[in-house]
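Just so you know, these numbers come straight off a predicted model, no measurement behind them. In what follows, every chain begins at residue 1, and chains take the letters A, B, ... in the order their sequences are listed.
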2 protein chains.
Amino acid sequence: METGATGEGSGVLGETGLGGQVRSTVGRLYRRFRSERPDGSLGDTALEVLTRLYKNGPQTLTQLSEHDHVAPASMSQTVNRLTSAGYAVRTADPNDGRKVLFSPTPEGAELARAARIQRNAWLDAHLQALSPEDQNAIARACVLLSNIADS
Amino acid sequence: METGATGEGSGVLGETGLGGQVRSTVGRLYRRFRSERPDGSLGDTALEVLTRLYKNGPQTLTQLSEHDHVAPASMSQTVNRLTSAGYAVRTADPNDGRKVLFSPTPEGAELARAARIQRNAWLDAHLQALSPEDQNAIARACVLLSNIADS
DNA sequence: TATTGTTATACTCTATAACTATA
DNA sequence: TATAGTTATAGAGTATAACAATA
């Protein structure tokens, strides 16, 4: 690979940089996740938002949109898909009339629990087949890359 | 975090499994990458395909779609965006009339080189600030996760 | 018949712009 | 004015189904 179509340098962080590897790996894994999605179910983004509401409790639109680095208008449409499907509800914030708190319905909570296990099944199976050292490397990378995503 | 909305177990690979961490990290990084995209440019998928053509040489539609785990019809539309924009061309396979080989144009090759450096700039900057051990963990995780994406 | 690729159609996800309502 | 959220519209990316052309 990297057969040198340009011939400029061979540093690890140059043409084949670690950043490029991360991007490529992330993109391919992301599409692989999507290809595993059961038919007729929520998309990955909507399910992740629902899971976050389930795990961390009610949150405002701004909190959700900032966490995912998407525009508020984008997140508004994502939560619309959740509320339309009956998996989440809007509640007015008693202290600030401008804010809206989103919470999972009982159906949404159940879906969050079930879908997460279901969707992670094949991934967890592969991860558990790795050595403890390899698992640690991945766990470490997740923490580091998650911090970068927040920066 | 993980304040125990369910109260069932606390194993590392249970409710908060490594698979879930990987999924969450990948999803957030993917969206973060997208938010860094310069306006009016190619999307991430199209650019990655173009980069692959540039690096690995002409490939058929089936090769491209299998590499990314997307349907052939999906990849057909992605390469259509590339050819419409003048960054790639179709060539008939001389040995098999059913096959079509996609190659970058000179403009596409130039874009692949420039865009890759440009888009990875902020990511590389963050990665280079990490310790060598942390960088190694990420590089190792990329190899391992890329293998899983291929499985 | 099987393989390769394309087009038609629909859905998810995201963005920007313009808007309403509350502070 | 500033902040929080929504709706309208557009584009990228993906899927399935139906199709054409070649092997």
Side-chain angles (χ1 to χ4, degrees), chain A residues 26-50 58-85 87-102 115 119, chain B residues 26-50 58-85 87-102:
Chain A
V26 163
R28 271 164 24 91
L29 258 187
Y30 185 85
R31 286 186 281 274
R32 184 66 153 94
F33 290 157
R34 173 153 37 193
S35 75
E36 294 289 332
R37 183 185 353 159
D39 212 59
S41 59
L42 285 174
D44 283 315
T45 299
L47 185 58
E48 277 187 39
V49 169
L50 181 60
Q59 292 179 52
T60 67
L61 186 76
T62 298
Q63 286 176 316
L64 292 172
S65 69
E66 286 181 349
H67 182 271
D68 271 356
H69 288 279
V70 298
S74 302
M75 185 55 71
S76 184
Q77 296 165 81
T78 295
V79 292
N80 264 347
R81 285 192 292 275
L82 289 177
T83 56
S84 298
Y87 295 132
V89 290
R90 287 176 163 80
T91 314
D93 184 321
N95 302 325
D96 187 337
R98 296 170 303 181
K99 294 183 179 175
V100 176
L101 289 167
F102 293 90
R119 297 204 187 186
Chain B
V26 164
R28 268 158 33 85
L29 259 187
Y30 185 85
R31 287 186 281 274
R32 183 67 152 95
F33 291 156
R34 171 153 38 191
S35 76
E36 295 289 332
R37 184 188 350 161
D39 213 58
S41 59
L42 284 176
D44 284 314
T45 298
L47 184 58
E48 278 186 37
V49 170
L50 182 60
Q59 292 179 52
T60 67
L61 187 75
T62 298
Q63 286 176 316
L64 292 172
S65 69
E66 285 180 351
H67 182 271
D68 271 357
H69 288 279
V70 298
S74 303
M75 185 55 72
S76 184
Q77 294 164 82
T78 296
V79 292
N80 265 347
R81 285 193 291 276
L82 290 176
T83 57
S84 298
Y87 296 132
V89 290
R90 287 175 164 80
T91 314
D93 184 322
N95 303 325
D96 187 338
R98 296 171 303 180
K99 294 184 180 175
V100 177
L101 288 168
F102 294 90

Could you tell me how far apart A:E48 (CD) and C:dT14 (C1') are, to the nearest whole angstrom?
15 Å

I would like to know whether A:K99 and A:T62 meet side-chain contact (heavy atoms from CB on, under 4.5 Å); could you show each step before the answer?
CA-CA 9 Å; A:K99 294 183 179 175; A:T62 298; over 6 Å; no

I need the CE-P distance between A:M75 and C:dA15, as an integer number of Å.
9 Å

Can you tell me if B:R81 and B:T78 form a side-chain donor-acceptor pair at under 3.5 Å?
yes

Verify the contact: side-chain N or O of B:N80 to OP1 or OP2 of C:dT7, cut-off strictly under 4.0 Å; return yes or no.
yes

Taking CG from A:L42 and C1' from D:dT14, how many angstroms apart are they, rounded to a whole number?
16 Å

Of A:R31 and A:F102, the one whose closest nucleotide on DNA chain D sits nearer the 5' end is A:F102

In this structure, how many angstroms lie between the C1' atom of C:dT7 and the CG atom of B:L61, rounded?
13 Å

Given atom CZ of A:R32 and atom P of D:dA15, what is their separation to the nearest angstrom?
12 Å

Where the side chain of B:V70 is defined as all heavy atoms beyond and including C-beta, which of D:dT14, C:dT14, D:dG5 is the nearest nucleotide?
D:dT14

Interatomic distance, B:D93 CG vs C:dG5 P [rounded to whole Å]:
9 Å

So does A:V70 get a backbone contact from the side chain of B:R34, meaning a donor-acceptor N/O pair under 3.5 Å?
no

Under 4.0 Å between any heavy atoms, over every strand shown, what does A:T62 touch: base, sugar-phosphate, or nothing? Just pick one.
sugar-phosphate

Please report, rounded to the nearest Å, how far the C1' atom of D:dA15 is from the CG atom of B:D68.
15 Å

Is there a donor-acceptor contact under 3.5 Å from the side chain of A:R28 to the main chain of B:H67?
yes

Where the side chain of B:K99 is concerned, which of D:dG5, C:dG5, C:dT14 is the nearest nucleotide?
C:dG5

With a cut-off of less than 4.0 Å, is there a side-chain N or O of B:R34 near OP1 or OP2 of D:dA12?
no

May I have the distance from B:E66 (atom CD) to C:dT3 (atom P), rounded to whole angstrom?
12 Å

Given that A:L47 and B:R90 both sit by DNA chain C, which one's nearest nucleotide is further toward the 5' end?
B:R90

Between B:R81 and A:T60, which has a closest nucleotide on DNA chain D that is more 5'?
A:T60

Residue pair B:Q59 / B:L101, side-chain heavy-atom distance below 4.5 Å:
no

Who pairs with A:Y30 by ring-ring contact (aromatic ring centres under 6.0 Å, His included), at least two apart in sequence or on another chain?
B:Y30

Reading 5' to 3' through nucleotides 16-23 of chain D, protein heavy-atom contacts under 4.0 Å coded B for base, S for sugar-phosphate only, - for none
BB----BS

Within the distance-only criterion (no hydrogens, no angle test), does the side chain of B:Q77 pair as donor or acceptor with the backbone N or O of B:A73 below 3.5 angstrom?
yes

